[in-house]
Amino acid sequence: MSAEIADAFARAKARGEGALVAYAMAGDPDLARSVDVFAACVEGGADILEIGVAFSDPIADGPVIQAASERALKAGSTLKRVLDEVVPAVRERCPQTPLVVMTYVNVIMAMGEERYAKLARERGVSGTILPDLPPEESASIRAAFDKEGLALIPLCAPTTPPARAETIARDGRGFVYCVSVAGVTGMRSELPSNLSERLELVRRFSPVPVVAGFGISTAEQARVVGAHADGVVVGSAIVRAAQADGPAAARQVCAEIKRGLKR
């Protein structure tokens, strides 16, 4: 588990809070201004930043993040530019906040998994989330990431059978990302009633913290989920707020979620 990520969870726990992993899209509305959004999330209380890298076919993402991906691509966002321009700028403004890249496996393979792992760590990235990478096909990428000390953060779906969920949890790095709902990212008025059971199962076997994401957008949802997880991931609510009203709105969303994560 990356030391930076471990420290972020430990600091949140010491404050009596669940951790907030805040997602935004690098390059939305452009590369420079997206840095302002990430910095605003940290000002609002985000403990870890999840930096989205645009992809033309974001199969795990709902309409809000799909639209952000399209805007970022039109603004010239690429994985290389995110690593060269966005990540160093965010690192400079948020030096204590771990950065986790979220993208799709084709983007990494196009660059080369070893080249990506080396460059990402050099730039200050702590981990990477690849929602379309099955565990059975992850060995070479995991090896490349392990070599550089870059966490390959696994996802566990609500439809994952218990035995498979246990296997995913035991091999967790950085943190385990439990997907709250079947389907794509996006705000939901209700979360599944059995989510707490899934989170407790994964936490029982995971050597690293466990967070829940997809569908979480309010302080009350964060409070309920945070009782059974080490933190939550919030994305669509932040992206929508930033797109409508700029970085200050993203800061406000994070501040509201953090209020729900106080224990």
Side-chain angles (χ1 to χ4, degrees), residues 1-9 21 23-27 31 34-35 38 48-61 65 69 72-73 75-92 94-157 164 167-177 179 206-209 211 213 233 235:
M1 168 173 167
S2 114
E4 303 98 330
I5 293 173
D7 288 347
F9 279 99
V21 182
Y23 172 98
M25 178 64 69
L31 291 168
S34 68
V35 174
F38 288 115
I48 296 171
L49 290 173
E50 186 179 343
I51 297 180
V53 176
F55 182 51
S56 57
D57 188 21
I59 58 173
D61 293 310
I65 295 179
S69 187
L73 289 171
S77 181
T78 65
L79 176 59
K80 185 66 163 56
R81 292 192 69 188
V82 170
L83 293 177
D84 286 348
E85 300 175 39
V86 176
V87 168
V90 175
R91 169 61 54 233
E92 182 176 356
C94 311
Q96 301 301 316
T97 306
L99 308 182
V100 172
V101 166
M102 186 279 188
T103 189
Y104 292 85
V105 69
N106 279 10
V107 179
I108 301 299
M109 293 182 72
M111 174 176 280
E113 52 204 46
E114 293 183 358
R115 181 186 176 211
Y116 166 75
K118 188 174 189 302
L119 186 59
R121 278 308 276 164
E122 287 176 351
R123 297 292 189 268
V125 174
S126 298
T128 300
I129 300 169
L130 300 172
D132 59 340
L133 178 65
E136 294 82 2
E137 298 175 17
S138 65
S140 64
I141 289 182
R142 184 183 293 110
F145 285 17
D146 285 350
K147 180 181 177 182
E148 299 296 337
L150 185 70
L152 177 60
I153 295 164
L155 288 94
C156 187
R164 182 177 171 85
T167 299
I168 291 170
R170 288 186 187 278
D171 201 33
R173 287 159 169 78
F175 57 86
V176 178
Y177 189 148
V179 177
S206 175
V208 294
V211 304
V233 183

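Count residues from 1 along the sequence.
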Atom pair OG1 (Thr78) and CE (Met111), whose distance is rounded to the nearest 0.5 Å: 7.0 Å

Residues which pass salt bridge (Lys or Arg N to Asp or Glu O under 4.0 Å) with Glu122, listed by chain and number, not counting sequence neighbours: Lys118

With Arg121 via salt bridge (Lys or Arg N to Asp or Glu O under 4.0 Å) - residues at least two apart: Glu4

Over all atoms of both residues, closest heavy-atom pair of Leu31 and Val86: CD2-CG2, 3.5 Å

Interatomic spacing from OG1 in Thr128 to CD in Glu50 - rounded to 0.5 Å: 10.5 Å

Nearest heavy atoms of Met25 and Ser34, plus distance in Å: O-CB, 3.7 Å

Partners passing salt bridge (Lys or Arg N to Asp or Glu O under 4.0 Å) against Glu137 (at least two apart in sequence or in another chain): none

Minimum heavy-atom distance between Thr97 and Ile48, given as atom pair plus value: CG2-CA, 3.9 Å

Heavy-atom side-chain contact between Tyr177 and Met102 under 4.5 Å: no

Separation between OG1 of Thr103 and CD1 of Ile51, rounded to the nearest 0.5 Å: 12.0 Å

Side chain proximity check, Ile5 to Val100, heavy atoms < 4.5 angstrom: yes

Smallest separation among heavy atoms of Gly124 and Arg91, with atom names: O-NH2, 3.0 Å

CG on Leu119 to CG on Leu79, rounded to 0.5 Å: 8.0 Å

Residue pair Phe38 / Leu99, side-chain heavy-atom distance below 4.5 Å: no

Leu49 CG to Tyr23 OH distance, which is reported to the nearest 0.5 Å: 12.5 Å

Non-hydrogen side-chain atoms of Val82 and Val101 separated by less than 4.5 Å: no

For Ala120, side chain to side chain contact (heavy atoms under 4.5 Å, CB included) partners two or more places apart: Leu83, Tyr116, Val125, Leu150

Which pairs would a plain distance check flag for residues 139-146, meaning a side-chain donor or acceptor within less than 3.5 Å of a matching protein atom at least two apart in sequence or in another chain?
residue, atom, partner, partner atom, Å
Ser140, OG, Glu113, OE2, 3.0
Arg142, NE, Asp171, OD2, 3.1
Arg142, NH1, Ser138, OG, 3.3
Arg142, NH2, Ser138, OG, 2.9
Arg142, NH2, Asp171, OD2, 3.2
Asp146, OD1, Arg173, NE, 2.8
Asp146, OD2, Arg173, NE, 3.4
Asp146, OD2, Arg173, NH2, 2.9

Heavy-atom closest contact (Val176 atom, Gly172 atom, distance): CG2-CA, 4.0 Å

Smallest separation among heavy atoms of Ala26 and Ser77, with atom names: O-OG, 3.4 Å

Side chain to side chain contact (heavy atoms under 4.5 Å, CB included) involving Arg164 - partner list, sequence neighbours excluded: Pro135, Glu136, Thr160, Pro161, Ile168

4.5 Å side-chain heavy-atom contact, Pro131 and Ile129: yes

N/O donor-acceptor pair under 3.5 Å between Ser69 side chain and Phe55 backbone: yes

